[in-house]
A.B. asks: 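Mind having a look at this structure? Questions to follow.
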Amino acid sequence: MDRIDQSCVGHSLEYAPTGRPVVWRNPDHGADYQVIPRQTYEDRAGRFCREYSTEVLIGGRRQEAYGTACRQPDGAWELIS
């Protein structure tokens, strides 16, 4: 996942409604991505966080991951897990 893909994940977390898949293709790597924002909550530090799932198709192989990211004061999303 390059910087452009990470930016797409951040935009997905910022703007996509819960449960709505966001898909894109990275032509430089031939990878197809899908991010689905899940639960949104506020952590103890007052940051907004979102759980999400990711599916990547690279070279015919599908990989899935789940994680949590929290919005930083500058608006960027930091992966927590």
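Everything numeric here is computed off the predicted structure, so don't read it as measured data. Numbering of residues begins at 1 and proceeds along the displayed sequence. Values reported hereafter were calculated over all heavy atoms of this structure, with side chains retained and with hydrogens, waters and symmetry mates removed.
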A.B. asks: Mind checking side-chain contact (heavy atoms from CB on, under 4.5 Å) for D74 and listing every partner two or more places apart, or none if nothing turns up?
C.D. replies: Q72, A76
A.B. asks: Do the side chains of Y33 and N26 get nearer than 4.5 Å, heavy atoms only?
C.D. replies: yes
A.B. asks: If I take atom OG from residue S7 and atom CE from residue M1, how far apart are they, to the nearest 0.5 angstrom?
C.D. replies: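 So the OG of S7 and the CE of M1 are separated by 11.0 Å.
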A.B. asks: Taking the side chain as everything from C-beta on, heavy atoms only, tell me whether H11 gets closer than 4.5 Å to V22.
C.D. replies: no
A.B. asks: Does one hydrophobic cluster hold both W24 and L79, with members joined at side-chain heavy-atom distances below 4.5 Å?
C.D. replies: yes
A.B. asks: For the CZ atom of R25 and the SG atom of C8, what is their distance to the nearest 0.5 Å?
C.D. replies: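 So the gap between those two atoms works out to 13.5 Å.
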A.B. asks: What residues join V23 in its hydrophobic cluster, counting side-chain heavy atom gaps under 4.5 Å, either direct or through other members?
C.D. replies: none
A.B. asks: Using side chain to side chain contact (heavy atoms under 4.5 Å, CB included), reason through I80 and E78 one step at a time and then give a plain yes or no.
C.D. replies: CA-CA 6 Å; I80 303 300; E78 176 185 26; 4.0 Å; yes
A.B. asks: Sequence neighbours excluded and cut-off under 3.5 Å, please list the side-chain donor-acceptor pairs for residues 44-60, or say none.
C.D. replies:
{"residue": "R47", "atom": "NE", "partner": "D43", "partner atom": "OD2", "Å": "2.9"}
{"residue": "R47", "atom": "NH2", "partner": "D43", "partner atom": "OD2", "Å": "2.9"}
{"residue": "R50", "atom": "NE", "partner": "T40", "partner atom": "OG1", "Å": "2.9"}
{"residue": "R50", "atom": "NH1", "partner": "L13", "partner atom": "O", "Å": "2.6"}
{"residue": "R50", "atom": "NH1", "partner": "A16", "partner atom": "O", "Å": "2.8"}
{"residue": "R50", "atom": "NH2", "partner": "A16", "partner atom": "O", "Å": "3.1"}
{"residue": "R50", "atom": "NH2", "partner": "T18", "partner atom": "OG1", "Å": "3.1"}
{"residue": "S53", "atom": "OG", "partner": "R38", "partner atom": "NE", "Å": "3.4"}
{"residue": "S53", "atom": "OG", "partner": "R38", "partner atom": "NH2", "Å": "3.1"}
{"residue": "E55", "atom": "OE2", "partner": "R62", "partner atom": "NH1", "Å": "2.5"}

